[in-house]
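Counting from 1, the numbers follow the sequence of the chain as shown.
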Amino acid sequence: MTQDLTGKVIWITGASGALGKATALVLAARGAVVIASGRSVAETAFGTAAIDRLPLDVRDDGAVRAALATLLARHGRIDGLVTSTNVGAFGDFLDLTDEDWQRVLEAKLLGTVRPVRAVAPHLAAQGAGSIVIIGGRGGIDPPPQHFPGASVNAALDLLVIGLGRRFGPQGVRSNVIAPGPIQSPRFAGMEATKAGTARYNTESSIPGPGLPGDVAEAAAFLLSDAARFVNGTSLLVDGGGPPYN
Ligand SMILES: NC(=O)c1ccc[n+]([C@@H]2O[C@H](COP(=O)([O-])OP(=O)(O)OC[C@H]3O[C@@H](n4cnc5c(N)ncnc54)[C@H](OP(=O)(O)O)[C@@H]3O)[C@@H](O)[C@H]2O)c1
């Protein structure tokens with residue numbers, strides 16, 4: 001089985017972010033037709049004309065469906081989806097407000113559900129496709145300054161099991177990538193609000209932090225035919241978690 005993605009049409013939300021952008025570049029290098037979405041994606045420098053841009057705010061379900069319609073009109077089909085949206089809401093549990101929680105629910109939980117709900121019927125109708133959701137290690141190892149994001153990551157770990165069962169029989173695989181600490185502005189922002197526990201969720205057994213490309217390579221695998229029997233699971237890309245010493 002091959003990890004080549006030549007000709008596959010793959011939509012990435014959050015493609016103006018560190019992990020989404022790295023994933024867009026790796027998929028394009030593997031031969032995929034990549035459609036990059038984000039609110040500010042028009043300003044994002046990909047350094048290649050091979051990546052199509054489709055500005056989108058995932059908080060608006062109508063806009064998500066309209067963006068997919070535009071994508072299908074431009075490219076004729078869709079073979080894969082990567083969701084990689086989130087906003088920063090870091091701080092102690094007692095300080096974070098309803099508004100902080102709601103921003104994360106909108107950008108990451110519903111911001112994942114909406115494109116998956118739009119794309120899945122198209123993949124199911126053609127009997128093949130791959131959905132990759134960027135979750136996070138916080139879903140099983142919640143850092144003290146990151147309860148909203150960690151809670152959503154846990155929800156996505158569960159969601160993907162259900163999606164795997166719901167759409168697997170129709171040839172559509174759904175998986176989560178759960179990154180640990182990855183070198184990025186987001187990770188730096190989380191570090192800056194660390195609530196007293198240096199060890200928690202920022203360490204890895206393989207010296208880190210990891211790189212956005214580490215997540216991108218995992219996404220490329222899950223989108224490829226080499227992952228044909230991988231469905232409904234969460235893949236940690238975290239260097240193995242904190243060391244025991
Ligand atoms: N970096 C890490 O260490 C790490 C670790 C574990 C998990 N993760 C997860 O991995 C994912 C990507 O992380 P990252 O480091 O790449 O984060 P990032 O650089 O902050 O990127 C987040 C992306 O989400 C997009 N976005 C936010 N709100 C949106 C909205 N309403 N509509 C459309 N797009 C929206 C942003 O684009 P616009 O601002 O242009 O809209 C941006 O492209 C996130 O879900 C994050 O929680 C990251």
Side-chain angles (χ1 to χ4, degrees), residues 1-15 17-37 51 71 77-86 108-109 111-113 115-124 126-140 152-180 182 184 210-240:
M1 280 295 164
T2 175
Q3 290 199 35
D4 180 46
L5 297 171
T6 300
K8 286 189 190 289
V9 176
I10 299 172
W11 189 18
I12 306 181
T13 66
L19 308 193
K21 181 178 175 185
T23 301
L25 291 170
V26 165
L27 301 186
R30 297 274 173 90
V33 176
V34 176
I35 300 89
S37 283
I51 296 174
L71 181 155
R77 59 183 289 118
I78 183 164
D79 301 292
L81 169 70
V82 180
T83 65
S84 188
T85 56
N86 204 357
K108 187 155 188 179
L109 183 57
T112 296
V113 166
V116 169
R117 191 171 55 200
V119 165
H122 293 272
L123 302 180
Q126 69 193 14
S130 175
I131 294 167
V132 175
I133 296 168
I134 310 297
R137 182 170 88 187
I140 57 169
V152 167
N153 289 335
L156 295 174
D157 285 343
L158 188 75
L159 175 71
V160 85
I161 297 171
L163 290 172
R165 294 176 184 176
R166 171 65 178 81
F167 295 106
Q170 292 156 284
V172 182
R173 297 181 294 103
S174 304
N175 294 288
V176 158
I177 294 173
I182 303 292
S184 61
L211 300 174
D214 296 325
V215 174
E217 292 290 344
F221 164 68
L222 290 172
L223 289 159
S224 77
D225 294 343
R228 56 172 291 277
F229 205 52
V230 182
N231 182 35
T233 196
S234 298
L235 173 60
L236 285 161
V237 178
D238 71 339

*asked:* Going by the rule salt bridge (Lys or Arg N to Asp or Glu O under 4.0 Å), which residues pair with D79 if we only count those two or more places apart in sequence or in a different chain?
replied: R77
What's the shortest heavy-atom distance between [X] and [Y], and which atoms?
X: N231; Y: G168; result: ND2-CA, 3.8 Å
X: T23; Y: L19; result: OG1-O, 2.8 Å
X: L156; Y: K108; result: CD1-CE, 3.8 Å
X: P179; Y: G135; result: CD-O, 3.6 Å
X: T83; Y: T13; result: CA-OG1, 3.1 Å
X: I10; Y: A32; result: CD1-CB, 3.9 Å

_L235/V230 under side chain to side chain contact (heavy atoms under 4.5 Å, CB included): CA gap, chis, key distance, verdict_ = CA-CA 10 Å; L235 173 60; V230 182; over 6 Å; no
Which residues share a side chain to side chain donor-acceptor pair (under 3.5 Å) with [X], sequence neighbours left out:
X: D238; value: R137
X: S37; value: W11
X: N86; value: none

*In sequence, state the C-alpha distance, the side-chain angles, and the governing distance for T233 and V160, and then conclude on side chain to side chain contact (heavy atoms under 4.5 Å, CB included).*
CA-CA 7 Å; T233 196; V160 85; over 6 Å; no
*Residue pairs, two or more places apart or on separate chains, that pass side chain to side chain donor-acceptor pair (under 3.5 Å) and touch residues 155-172*: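 Checked against side chain to side chain donor-acceptor pair (under 3.5 Å) - neighbours excluded - the pairs reaching residues 155-172 are D157-S234, R166-Q170.
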Please check if the side chain of [X] supplies one atom and the backbone of [Y] the other of a donor-acceptor pair under 3.5 Å.
X: S184; Y: I182; answer: yes
X: K8; Y: G31; answer: no
X: R173; Y: A227; answer: yes

*asked:* Taking side chain to side chain contact (heavy atoms under 4.5 Å, CB included) as the criterion, tell me which of V82, L163, I177 meets it with I133.
replied: L163
Flag side-chain contact, heavy atom, 4.5 Å: [X] against [Y]:
X: L159; Y: V176; value: no
X: L236; Y: I140; value: yes
X: V152; Y: T112; value: no

Enter the distance from [X]:[atom1] to [Y]:[atom2] here, rounded to the nearest 0.5 Å.
X: I12; Y: T85; atom1: CD1; atom2: OG1; result: 12.5 Å
X: L81; Y: H122; atom1: CG; atom2: NE2; result: 11.5 Å
X: E217; Y: L222; atom1: CD; atom2: CG; result: 11.5 Å

*For residues 17-26, pull every pair meeting salt bridge (Lys or Arg N to Asp or Glu O under 4.0 Å), keeping only residues two or more places apart or in separate chains.*
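Residue pairs with at least one partner in residues 17-26: there are none.
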